[in-house]
Amino acid sequence: DEKSILLAQSGLASCLEHLGRFDEALVLKREVYARRVTTLGVSNEGTILVGSNIVVSLLRLEAWTAAREKLREQLPVARRSLGADQALTLALEQNLAVALSVNPECTRDD
């Protein structure tokens with residue numbers, strides 16, 4: 001079933017990361033995210049978690065702009081669906097702070 005496939009793909013992405021194959025893991029995470037959005041919706045907590053995992057991968061790959069864009073997409077959804085004080089929402093906020101602070105191209109306007 002779809003849930004089992006998504007769990008298996010997420011596990012495979014995690015294994016790829018542990019092997020240092022970050023680009024491949026990111027591709028798989030994006031596939032899982034797209035399928036979750038289609039089947040469960042963007043506001044589903046698990047979908048938001050997969051989106052957060054994509055952000056972590058982007059930060060690890062130093063893809064600052066892509067991470068910032070994904071976070072700006074995810075944060076309003078997380079705040080609305082989970083609440084501003086929920087752990088996952090706060091983790092996304094923290095990742096945005098990291099993405100902005102380590103990106104040499106960011107300005108105060110970002």
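Just so you know, these numbers come straight off a predicted model, no measurement behind them.
Under a 4.5 Å side-chain heavy-atom cut-off, the cluster of Ile, Leu, Val, Met, Phe, Trp and Tyr residues that includes Val27 has no other member. Under a 4.5 Å side-chain heavy-atom criterion applied to ILVMFWY residues, the cluster that includes Leu12 comprises Leu16, Leu28 as well.
In this structure, CZ on Arg36 lies 5.0 Å from CG on Asn44, to the nearest 0.5 angstrom. Here Phe22 contributes atom CZ and Lys29 contributes atom NZ; the two are 9.5 Å apart, rounded to the nearest 0.5 Å. Taking CG of Leu59 as the reference point, atom CZ of Arg68 lies at 11.5 Å (rounded to 0.5 Å).
In this structure Glu2 satisfies the salt bridge (charged side-chain N to carboxylate O under 4.0 Å, His left out) test together with Arg35, sequence neighbours excluded. Partners of Glu31 by salt bridge (charged side-chain N to carboxylate O under 4.0 Å, His left out), not counting sequence neighbours: none found. Not counting sequence neighbours, the partners of Glu93 by the salt bridge (charged side-chain N to carboxylate O under 4.0 Å, His left out) test are Arg79. Applying the side chain to side chain donor-acceptor pair (under 3.5 Å) criterion to Ser10, with sequence neighbours excluded, gives no partner residue.
Between the side chain of Ser81 and the main chain of Val77, a donor-acceptor pair closer than 3.5 Å is present.
Note on Leu100 and Val98: same hydrophobic cluster, where clusters join Ile, Leu, Val, Met, Phe, Trp and Tyr whose side-chain heavy atoms are under 4.5 Å apart, directly or indirectly. Under a hydrophobic-cluster definition in which Ile, Leu, Val, Met, Phe, Trp and Tyr are linked whenever side-chain heavy atoms come within less than 4.5 Å, directly or via other members, Val32 and Val56 are assigned to different clusters. In this structure, Val42 is a member of the same hydrophobic cluster as Leu58, with clusters built from ILVMFWY side-chain heavy atoms closer than 4.5 Å.
The minimum heavy-atom distance between Ile48 and Gln74, with the atom names listed, is O-OE1, 3.2 Å. Nearest heavy atoms, Ala99 versus Leu71: CB-CD1, 4.3 Å.
For the pair Leu6/Tyr33, no side-chain contact is recorded, criterion being any heavy-atom separation below 4.5 Å from C-beta on.
A salt bridge is defined here as a Lys NZ or Arg NE, NH1 or NH2 lying under 4.0 Å from an Asp or Glu carboxylate O, and Glu73 with Lys70 meets this definition.
The side-chain contact (heavy atoms from CB on, under 4.5 Å) with Leu82 is formed by just one residue from the set Leu90, Thr89, Leu49, Leu92; it is Thr89.
For the residue pair Glu17 and Ser57, a side-chain donor N or O sits within less than 3.5 Å of a side-chain acceptor on the partner.
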